[in-house]
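Written below as C-alpha cells is the structure these notes are about.
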Amino acid sequence: MRILRYAILTAAALACANLSAAQDAPPSLADTTDTAPTINALRAQRGLVDIKHVFVPAGQWIFGGSASYSTHTNDNYTFCIIEGIESDGYTFKVTPMIGYALRDNSAVGLRFIYSRTLLRVEGGELNLGDEESGTHIAADYYYSLKHSYSAALFWRQYIPLGRNKRFALFNEMSLSFGGHQTKFAADTPIRGTYETGTSVALGVSPGLIAFATNTMAIEVNIGVMGISYTHSHQTKNQVENADIRSSNMNFRINPLSIGLGVSFHL
C-alpha cells in the first residue's frame with residue numbers, strides 16, 4: 001500500500017509541474033492568432049514563405065525574353081499517305097518581357113508576343129487505297145500568311161531549391177489579350193480569304209530558372225493549363241462573310257509549348 005500511495009503522489013506532482021510549465025511558457029505564433037494552424041503556418045511548412053531563403057529580392061527589375069526562327073523546304077517529299085509535297089515556309093517569334101519584384105521571391109510584369117508564319121504549298125497528293133478504287137485528293141496551290149500579337153500580364157512566384165541561390169522553381173500565371181491577321185489563297189483560279197480575330201487567355205506555366213552569372217539567368221517553362229477564347233471574322237473573295245467563335249480548355253502537359261528564354265535581374 002505504501003508503494004502504491006508513493007506512485008500516485010509522484011504522478012500527481014509531475015502533472016502539476018507540467019501544467020505550471022505550460023502556463024509560464026510564452027504563447028506560440030499559432031496560439032496568438034487562432035488555435036487552429038493559420039494558412040501562412042501551413043505554407044511555411046513547405047518553405048513557400050520562408051524569408052530566409054531569398055532568390056529574387058524585393059525591388060529588383062527583371063528584363064528578358066526569347067526569340068525563335070525556323071524554316072523548311074520540301075521537294076517531292078512523301079509523308080505517310082501524302083505524296084509529292086512541294087512546299088516551303090518559315091515561323092518567326094519574339095517575346096520580350098519586363099518585370100518587377102514587389103516582394104521577395106514574387107514578381108509581376110508585362111510580356112509582349114509577336115509571331116509571323118508563312119506556308120506555301122505548290123503541290124501534293126493524298127492517296128487512300130489503290131489506284132483504281134482508291135481516293136486521290138490533289139492540292140495544286142495553297143498559301144497562308146499569319147501575323148499574331150498579344151500582351152500578357154503575369155505574376156510569378158519563385159521557389160528556391162533549398163538554400164541554393166542559383167537554381168529555383170517558379171510558377172507563373174498570366175492573363176493575355178491579343179489578335180491575329182491571316183491571309184489564305186488556294187486553288188486555280190485563286191480563291192482568297194482574309195481573316196482577323198481577337199483572343200483572351202488565362203494560363204499557368206511552371207518552370208525552372210538557373211543563374212549563369214550574378215545577373216543573367218536561363219529560364220525553361222512549359223504550359224500545363226490554360227483557358228482561351230477566340231473570335232474571328234472572315235471575308236472570302238470580298239463577297240462572303242463568316243464569324244467563328246471558339247473556346248479551349250487545356251489541363252495537360254503540351255511538349256510543344258516548352259519555352260526557353262534569357263532574363264536579366266538588375
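Remember, predicted model here, so these are calculated numbers, not experimental data.
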Atom [atom1] of [X] and atom [atom2] of [Y]: how far apart are they, to the nearest 0.5 Å?
X: T215; Y: H265; atom1: OG1; atom2: NE2; value: 9.0 Å
X: F55; Y: L161; atom1: CZ; atom2: CG; value: 8.0 Å
X: T95; Y: M97; atom1: OG1; atom2: CE; value: 10.5 Å
X: T196; Y: H233; atom1: OG1; atom2: NE2; value: 6.5 Å
X: T193; Y: Q234; atom1: OG1; atom2: CD; value: 6.0 Å
X: E219; Y: I209; atom1: CD; atom2: CD1; value: 4.5 Å

Contacts under 3.5 angstrom, residues 166-179 side chains, donor-acceptor by atom type, not counting sequence neighbours:
{"from": "R166", "atom 1": "NH1", "to": "F211", "atom 2": "O", "distance (Å)": "2.7"}
{"from": "E172", "atom 1": "OE1", "to": "R111", "atom 2": "NH2", "distance (Å)": "3.3"}
{"from": "E172", "atom 1": "OE1", "to": "R156", "atom 2": "NE", "distance (Å)": "3.0"}
{"from": "E172", "atom 1": "OE1", "to": "R156", "atom 2": "NH2", "distance (Å)": "2.5"}
{"from": "E172", "atom 1": "OE2", "to": "R111", "atom 2": "NH1", "distance (Å)": "2.8"}
{"from": "E172", "atom 1": "OE2", "to": "R111", "atom 2": "NH2", "distance (Å)": "3.3"}

Is there a side-chain contact between [X] and [Y] (heavy atoms, below 4.5 Å)?
X: R116; Y: L145; answer: yes
X: V262; Y: I218; answer: yes
X: Y149; Y: Q181; answer: yes
X: F184; Y: K236; answer: no
X: P96; Y: I113; answer: no
X: L102; Y: V108; answer: yes
X: F63; Y: L266; answer: yes

Exercise for review: Find out if a path of hydrophobic residues (ILVMFWY) with successive side-chain heavy-atom gaps under 4.5 Å connects Y69 to V94.
Suggested key: yes

Check your understanding: Honestly curious: do L202 and L153 fall in one hydrophobic cluster under the side-chain, below-4.5 Å linking rule?
Key -> no

Exercise for review: Show the numbers, then the answer: is there a side-chain contact (heavy atoms from CB on, under 4.5 Å) between L119 and Y90?
Suggested key: CA-CA 7 Å; L119 174 61; Y90 65 84; over 6 Å; no

Exercise for review: May I ask you to check whether over 12 heavy atoms, not counting those of N214, lie within 6.0 Å of atom CG?
Suggested key: no

Point to revise | Passing option when H180 is tested against S199, S150, S115, S232 for side chain to side chain contact (heavy atoms under 4.5 Å, CB included) | key: S232

Which heavy atom of [X] sits nearest to which heavy atom of [Y], and what is that distance?
X: S106; Y: Y158; result: N-CD1, 4.4 Å
X: T182; Y: S144; result: CG2-OG, 4.2 Å
X: W61; Y: G99; result: CE3-O, 3.4 Å
X: Q157; Y: N105; result: NE2-O, 3.0 Å
X: K165; Y: V54; result: CE-O, 3.9 Å
X: F154; Y: L110; result: CE2-N, 3.4 Å

Check your understanding: Going through the distances and angles, do D243 and R245 end up as a side-chain contact (heavy atoms from CB on, under 4.5 Å)?
Key -> CA-CA 7 Å; D243 287 292; R245 295 177 176 85; 4.3 Å; yes

Exercise for review: Mark yes or no for whether D104, through its side chain, and P57, through its backbone, hold a donor-acceptor pair below 3.5 Å.
Suggested key: no

Review point. Under 3.5 Å, is there a donor-acceptor pair between the side chain of T71 and the main chain of G89?
Key: yes

Review point. Are Y100 and Q60 close enough, and set up right, to give a side-chain contact (heavy atoms from CB on, under 4.5 Å), and what steps lead you there?
Key: CA-CA 6 Å; Y100 180 76; Q60 189 172 78; over 6 Å; no

Point to revise | Pair T235, N241: side-chain N/O donor-acceptor within cut-off below 3.5 Å | key: yes

